[in-house]
There are 2 protein chains.
Amino acid sequence: MNLRELSDLLGLSQTTVSRALNGYPEVKEATRIRVAEAALAHNYQPNTRAKSLATGRTMSIGHVIPLSNQHEMVNLVFSDFIAGAGEAYAREGYDMRVSVVDDSQEAAAYERLANTGTVDGVIVHGPLVNDARIPLLQKLGLPFVVHGRSSNCPTPYSWLDVNNRSAFLRATDFLLDLGHTRIALINGFEQMDFAMRRRAGYADALSARGVALDPSLTHAFEMTEPFGYAKTAQMLDADNPPTAVIASSLIPAMGVRRAVEERGLVVGKDVSIICFDDALSYLPNGEGSPIFTATRSSVRNAGRRCGEMLMDQIAGRTTGPVHELWEAELVVGGSTGPAPTR
Amino acid sequence: MNLRELSDLLGLSQTTVSRALNGYPEVKEATRIRVAEAALAHNYQPNTRAKSLATGRTMSIGHVIPLSNQHEMVNLVFSDFIAGAGEAYAREGYDMRVSVVDDSQEAAAYERLANTGTVDGVIVHGPLVNDARIPLLQKLGLPFVVHGRSSNCPTPYSWLDVNNRSAFLRATDFLLDLGHTRIALINGFEQMDFAMRRRAGYADALSARGVALDPSLTHAFEMTEPFGYAKTAQMLDADNPPTAVIASSLIPAMGVRRAVEERGLVVGKDVSIICFDDALSYLPNGEGSPIFTATRSSVRNAGRRCGEMLMDQIAGRTTGPVHELWEAELVVGGSTGPAPTR
DNA sequence: ACATTCATCCAAAGCGCTTTGAAAAACGAT
DNA sequence: ATCGTTTTTCAAAGCGCTTTGGATGAATGT
C-alpha cells in the first residue's frame with residue numbers, strides 16, 4: 001500500500017492524505033480522522049526511501065567503527081553506548097546506521113556519509129588527543145557530537161565527556177589518604193584523549209602530595225583482562241611492588257585481581273584496586289555492594305545524552321557548540337583498604 | 001555535485017554518466033574513463049536516498065535490538081557480532097541499520113522495516129526456543145538469517161549456529177573423564193535456544209555415564225559476573241559442593257573463579273571450571289595459553305558469515321533456506337584438573 | 001548504392017513521497 | 001444574491017537517481 005493507492009481509495013488527493021498524516025493544519029478534522037483510520041486499517045506506512053528523497057532527511061545517525069588489525073576499537077563500551085543512544089533515537093523516530101571500516105578508510109567513510117547524504121549526523125567515538133575527524137567533519141558540514149574530547153583541537157565543537165582527570169585524581173587521592181604511595185596505573189592507550197587525561201589526574205594527585213611518579217608503575221595498553229593480569233604480575237614480582245593499582249576499567253581490573261590472588265595476596269588488604277566503572281549493563285560491578293572501589297559513570301547514559309544533543313543540533317534546537325562535562329561518582333567497594341605496614 | 005551537474009559539465013546525458021559509473025556495457029571505453037576521472041576530480045558520489053528510491057534497494061541490513069527493563073538483551077556478544085557482520089557488509093557496500101526498541105515493540109519494529117522498505121534484510125539475534133519473529137518475517141517477506149536456531153519453529157529458514165549441545169556434551173564428558181561427578185551448570189536463560197541446547201548436552205553427557213542430574217547444581221540466569229559468583233558461592237557453601245563448574249561464558253566464569261578463590265580454594269585443583277568462549281576480541285581467554293578450559297567459537301566469524309549468507313540471499317545467489325552448524329573447539333587451559341580425592 | 005547491424009548516446013518516464021501555488025468550497029457579511 | 005474571506009482540497013513540480021525505449025551515426029554486408 002502506497003500513498004497513491006491510499007488516496008485513490010479515499011477519493012482524496014495525495015497532498016491531502018500526506019498532510020493529514022503529517023499533522024498539517026490545513027485539513028479538516030473529520031478527513032484527518034478518516035485518513036488516519038484508513039491508514040491504520042490498510043497498514044499504510046510511508047516508504048522511507050521516498051520520504052528521505054523528498055525531505056532531504058534520512059532520520060538516521062551514523063556511527064563509524066574503525067576496525068584495525070593492530071588493536072581493537074570495537075571496544076567493550078560500544079554496545080552499551082549504542083543501547084543508550086538507540087533509545088534516544090527511537091524516541092524521535094531516528095535509528096542508527098553503523099559502518100564498520102578499515103581504519104585506513106575512516107576519513108573516506110565520513111566523506112562518503114556526507115557526500116551521499118546517507119545520515120543526518122554522526123557520533124564520533126573514542127577521540128584521540130589529536131583527532132583528524134573533527135576538522136574533517138567541520139569541513140564537510142556534517143552535524144556531529146563527540147563522545148569525549150580531543151585536547152588538541154583548536155576549533156570549538158559539541159562534546160560530552162566524563163571528567164576523567166578529576167576521576168583519577170580523586171581515585172589516587174583516595175589511595176594516598178589510605179597511606180598508599182606505591183600506586184600503579186594500568187591505563188588505556190595514551191593517544192586516546194580519555195587515557196591521557198586519566199594519567200594527568202593520577203600524576204597531579206601524586207605530585208600534589210610530593211610522591212614521585214615511578215615509570216615502572218605505569219602501563220598503557222589495550223584494556224583487556226590479560227593485560228591487567230600480565231602487568232600486575234610483573235610488578236608484584238619485582239622489587240618494591242605496588243600496594244595499590246588503578247585500572248582503566250573493570251576488565252583489566254579483573255586481570256589485576258587474578259594476578260593478586262594467584263600470588264596468595266588478598267585484594268583490599270595486601271593490594272588495593274580501584275578502577276573506572278562504565279556501569280556496563282552486562283558487566284555490573286557486583287550486585288548491591290560493589291566488588292571494586294571505582295569511579296563510576298554510565299556510558300549508557302552518555303550514549304543517550306549524546307544522541308539527544310545531536311538530534312537537538314540537527315533539528316536546530318541548539319545553535320553552536322554545546323558541552324557537557326560529567327563528574328564520575330566514587331563508589332567504595334571491597335577492593336581497597338589501608339596500605340599494609342611493612 | 002549531483003548527477004545532472006556532472007553530466008552538464010561533461011556535455012553528456014545523465015543516462016550515459018550513470019551507466020558509465022555503474023559499469024554498463026553500452027558506453028565507449030574512452031567516455032567511461034572521462035566520466036570516471038571527472039567524477040573523481042569533482043568528488044561526485046551518488047546520493048544514497050535517490051539511488052535507493054530508484055533501485056528499490058537500500059544497501060542496508062537491519063538489526064533490531066530489543067531493550068527490556070527486566071533483563072538485558074544488549075548482551076556482550078553483540079558488539080563483536082556486528083564487528084564481523086559489518087566487515088562483511090562493507091565488502092559489498094552495505095552497512096547496518098540498528099533499531100533499539102522496547103521489547104514490547106519488537107514485532108512492530110520488524111513490520112515497520114518491511115513496510116517502509118528501510119532495509120533489504122535483517123539478522124535475527126538471540127532466538128528463543130519459541131520465537132515469534134521467524135514466522136513474522138516469513139509473513140512479511142523480508143529476507144533474514146538467524147544467528148542461532150529456534151527449535152520449535154515448524155517452517156524452514158536460514159540459520160547459522162554453533163553446535164551448543166555437542167559443545168556442552170564434550171565439556172561435560174571432559175570433566176567426567178577427569179573423574180568429576182559433582183558438575184554444576186551456570187547457564188543462561190533457558191528460553192534462549194542456545195541455553196536450552198547447552199543444558200541438553202550437559203544432561204545427556206551425565207545420563208550417558210549414569211550420573212544423576214542434581215537440580216541444585218544447575219542454575220539459569222543473566223550471564224553476568226555477579227551471577228556466576230553468587231551461585232558458585234552458594235553451591236560451595238552447601239553440603240556436597242560441586243568439584244567442577246561449567247559456565248555459559250567467560251563473564252560468569254570470572255565470577256565462578258572469584259567465589260572459588262575467595263574460599264581459599266584453587267581453580268583447576270579443588271574446583272575445575274569450563275566455560276563457553278565466544279572469542280570476544282576485547283575479552284580474550286588469556287594471551288597464548290588459555291586461562292579457562294573452554295569450548296570456543298568466534299562470534300565475530302559468525303557475524304561475518306551471517307552477513308554473507310544474508311547478502312547472498314538478497315542478491316539471489318542462493319535460493320531457499322541455508323544452514324550452517326559450526327562445531328566449537330575444545331581448548332584446554334589451566335582451569336581444569338582431576339577431581340580431588342576426598 | 002542501399003539495407004542491415006551494431007555501438008553509442010539520449011530524452012523522458014518513473015521510483016513514492018513532500019510541498020508549492022492555485023482552485024474550489026464553505027462561510028459570513030453586506 | 002453578491003462579494004470577500006477563510007477553510008479545504010488538489011494538480012503538478014520537484015527530490016536525484018535508474019532504466020526503458022528510442023535515436024543517431026558509423027560500420028558492415030550485398
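Within every chain, numbering begins at 1; the chains are lettered A, B, ... in the order of the sequence lines, protein sequences first and strands thereafter. Basis for what follows: all heavy atoms, side chains included, without hydrogens, waters or symmetry-related copies. None of these values were measured; they are calculated from a predicted model.
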(message) Could you go through B:Glu92 and B:Arg317, starting from their C-alpha distance and side-chain angles, then the distance that decides it, and tell me whether this counts as salt bridge (charged side-chain N to carboxylate O under 4.0 Å, His left out)?
(response) CA-CA 14 Å; B:Glu92 300 201 26; B:Arg317 290 189 292 259; 3.2 Å; yes
(message) Pair A:Ile123, A:Phe144 - check side chain to side chain contact (heavy atoms under 4.5 Å, CB included), show working.
(response) CA-CA 6 Å; A:Ile123 299 279; A:Phe144 67 98; over 6 Å; no
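The separation between A:Asn115 atom CG and D:dG16 atom P is 14 Å, rounded to whole Å. Atoms CZ (B:Arg32) and C1' (C:dC9) sit 13 Å apart, rounded to a whole Å. Distance CG (B:Leu12) to C1' (C:dA11): 14 Å, rounded to an integer number of Å. Between the CD atom of A:Glu5 and the C1' atom of C:dG16 there is a distance of 11 Å, rounded to whole Å. Here D:dG14 presents its P atom at 18 Å from CZ of B:Arg49, a figure rounded to the nearest Å. Whole-Å rounding puts the B:Asp8 CG to C:dC10 P distance at 11 Å. Whole-Å rounding puts the A:Leu6 CG to C:dG16 C1' distance at 13 Å. Rounded to whole Å, the distance from CG on A:Leu53 to P on C:dC15 is 13 Å.
Here CG of B:Asn22 is found 9.5 Å from CZ of B:Arg32. Values are rounded to the nearest 0.5 Å. With rounding to the nearest 0.5 Å, the separation of CD in A:Gln105 from OH in A:Tyr110 is 13.5 Å.
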(message) Does the protein touch nucleotides 17-24 of chain D at the base, only the backbone, or not at all? Give it as B, S and - per nucleotide, heavy atoms under 4.0 Å.
(response) BBBBB---
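At a threshold of 4.0 angstrom between heavy atoms, the contacts of A:Ser52 with the nucleic acid are absent. Nucleic acid contact for B:Gly11: sugar-phosphate only, since backbone atoms but no base atoms lie under 4.0 Å from a heavy atom of the residue.
Not a single donor-acceptor pair under 3.5 Å links the side chain of A:Asn115 to the backbone N or O of B:Tyr44.
Under the 30°/60° scheme for interplanar angles, the aromatic rings of B:Phe78 and B:His63 are found to stand perpendicular.
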